[in-house]
Amino acid sequence: MNTLTIQGAAVRYWHYGNPLHPMAVFLHGFRGTHHGFEKIVHELEKNYYCIVPDLPGFGDSDPLDNIHSLENYIDAVHDFIVAVKKHDKVFLVGHSFGSIVASHTAATYPDMVEKLVLINPISAPALKGSKVIGTRLAQFYYWTAKQLPERSAQKLLASKLIVDAMSHSMTISKDKNLRRYIFDQHRQHFSTFASPKVVAEAFATSISNTTMDAAKKLTMPTLVLAAEKDQISSLHSQVAFANTIEHGRLHVIKNVGHLVHYEKATEAAAVIDEFLAAS
């Protein structure tokens, strides 16, 4: 584990592979940590120098001094990349909520990102369409936690019953060992956040922004790694998003939902490797 001070916050990050190789920075999803990318980066570290931070306010990283808005996450990621990069440009990879931050960072600082990879991108508004009821319920859940005393809020957010329900709703695989691994990962790391306030702010950011908002500003080659059965972001919206990007490329992974990084890590890594290696 390494530490950088970014906007007054101690941001912890992990690195894998040879520093002389091309650098790829990975941004995890909402309530996730760097652990979510371990299966993918272990496949990629032979060819790339992989840097995986815990986003501010999650995992072992401190929260930002300001609200955890998209704009502040963009600034934090920019400053982080400037501090760690070995070359003029980097490859940037984001999953789920990390795809929102990654796409908008790339759109804001296009000269910094050589290629962009978005896994399970959040490509449609969460407060519209068929998922609005689920989003409203989640919104109430995080709002409620924010109103409670710290200890009670932490207990609610870390509830094994709720965390397991989230895991169950997103896991497609019937493989018992893989399912056990996913549930265990979420139980260990899904509730390692700085405070209920951070979670509520980050959730508000996640449902108020999409990758589609940045699509027309993405000038670099961009891989959209979509899932056939994504429960959070529809395949239809991800296809539309990929088609909107000037140099967009779409790859759909079959028989998987929103947990591509867990359930189809080897296939995802192979597609990413091919995309990043192409001239």
Side-chain angles (χ1 to χ4, degrees), residues 24-34 36-37 40-41 44 50-56 58 68-71 73-74 76-78 80-81 90-110 112-126 131 135 170 202-228 230-245 247-253 256-265 268-269 271-272 275-276:
V25 176
F26 296 75
L27 306 181
H28 62 75
F30 176 66
R31 288 188 66 165
T33 69
H34 72 281
F37 274 119
I40 287 180
V41 298
L44 294 173
C50 301
I51 303 290
V52 194
D54 283 345
L55 287 172
F58 293 91
H68 292 75
S69 65
L70 178 58
E71 293 74 20
Y73 269 121
I74 291 170
V77 170
H78 168 266
F80 176 81
I81 291 175
V90 301
F91 300 137
L92 185 58
V93 183
H95 170 255
S96 191
F97 174 63
S99 76
I100 298 175
V101 179
S103 62
H104 284 264
T105 300
T108 306
Y109 300 101
M112 187 174 68
V113 179
E114 184 172 352
K115 290 185 178 181
L116 179 66
V117 178
L118 304 172
I119 306 170
N120 295 116
I122 306 300
S123 47
K131 296 179 176 59
T135 301
M170 291 188 287
F203 180 74
T205 297
S206 74
I207 64 172
S208 303
N209 302 277
T210 71
T211 58
M212 183 64 88
D213 301 332
K216 293 184 178 180
K217 297 180 182 179
L218 297 175
T219 56
M220 68 292 297
T222 300
L223 171 64
V224 176
L225 204 51
E228 180 186 28
D230 198 321
Q231 309 93 327
I232 306 298
S233 186
S234 73
L235 178 58
H236 173 77
S237 71
Q238 294 180 64
V239 171
F241 167 59
N243 290 336
T244 305
I245 303 169
H247 301 291
R249 173 184 165 186
L250 174 71
H251 182 93
V252 179
I253 298 184
V256 69
H258 201 65
L259 303 182
V260 164
H261 57 314
Y262 285 138
E263 296 190 59
K264 298 284 185 175
V271 176
I272 293 170
F275 172 73
L276 296 182

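In this text the structure is predicted, and so the values were computed from the model without any measurement.
In this structure, Thr210 contributes its side chain and Ala124 its backbone to no donor-acceptor pair below 3.5 Å. Distance alone, capped at 3.5 Å, is enough to place a donor-acceptor pair between the Tyr73 side chain and the Pro56 backbone. Checked by atom type and distance alone, the side chain of Lys264 never pairs as donor or acceptor with a backbone atom of Ile253 at under 3.5 Å. Side-chain atoms of Glu228 do not come within 3.5 Å of backbone N or O of Val252 as any donor-acceptor pair.
Considering every non-hydrogen atom in both His247 and Met220, the closest pair reads CB-O, 4.0 Å. Residues Val224 and Pro121 approach most closely at CG1-CG, 3.8 Å, considering heavy atoms. Shortest non-hydrogen contact noted between Met112 and His78 is SD-CD2, 3.7 Å. Across every non-hydrogen atom of Lys217 and Ala107, the tightest pair is CB-CB, 3.7 Å. Scanning both residues, Ser237 and Met212, for their nearest heavy atoms gives O-CE, 4.4 Å. Nearest heavy-atom pair, Gly257 versus Asn120, reported as atom, atom and distance to 0.1 Å: O-ND2, 3.2 Å.
Evaluated for a side chain to side chain contact (heavy atoms under 4.5 Å, CB included) with Ser103, the options Asn209, Ile245, Leu118, Leu92 yield exactly one hit, Leu118.
In this pair, His261 and His95 present their aromatic rings tilted. The plane angle is within the 30 to 60° band. Between Phe30 and Phe58, the ring planes lie perpendicular to each other; the angle is over 60°, past the 30° to 60° tilted range.
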Going through the checks in order, is the side chain to side chain donor-acceptor pair (under 3.5 Å) test met by Ser123 and Ser233?
-> CA-CA 6 Å; Ser123 47; Ser233 186; 3.1 Å; yes
For side chain to side chain contact (heavy atoms under 4.5 Å, CB included), just list the numbers for Val52 and His28, CA-CA rounded to whole Å, side-chain angles, deciding distance to a tenth of an Å, and then say yes or no.
-> CA-CA 8 Å; Val52 194; His28 62 75; 5.9 Å; no
Passes side chain to side chain contact (heavy atoms under 4.5 Å, CB included), His251 versus Leu223? Steps please.
-> CA-CA 7 Å; His251 182 93; Leu223 171 64; 4.2 Å; yes
Kindly determine whether His68 and Thr205 satisfy side chain to side chain donor-acceptor pair (under 3.5 Å), including the steps that lead there.
-> CA-CA 7 Å; His68 292 75; Thr205 297; over 6 Å; no
List the steps, then state whether side chain to side chain contact (heavy atoms under 4.5 Å, CB included) holds for Leu27 with Phe80.
-> CA-CA 11 Å; Leu27 306 181; Phe80 176 81; over 6 Å; no
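Going from atom NE2 of His104 over to atom CD1 of Ile100 covers 7.0 Å, rounded to the nearest 0.5 Å. If you take CZ on Arg249 and CG on Asn243, they are separated by 14.0 Å, rounding to the nearest 0.5 Å. The line from CZ of Phe203 to CZ of Arg31 is 10.5 Å long, rounded to the nearest 0.5 Å. Interatomic distance, CG of Leu116 versus OG1 of Thr105, reported as 9.5 Å (0.5 Å rounding). Atom CZ of Phe26 sits about 7.0 Å away from atom CD1 of Ile40, to the nearest 0.5 Å. Considering CD1 of Ile51 and CZ of Phe91, their distance stands at 13.5 Å, rounded to 0.5 Å.
A search for side chain to side chain donor-acceptor pair (under 3.5 Å) contacts involving His34 returns Asp54, not counting sequence neighbours.
You'll find the side chain of Ile122 stays beyond 4.5 Å of the side chain of Ser206, heavy atoms only.
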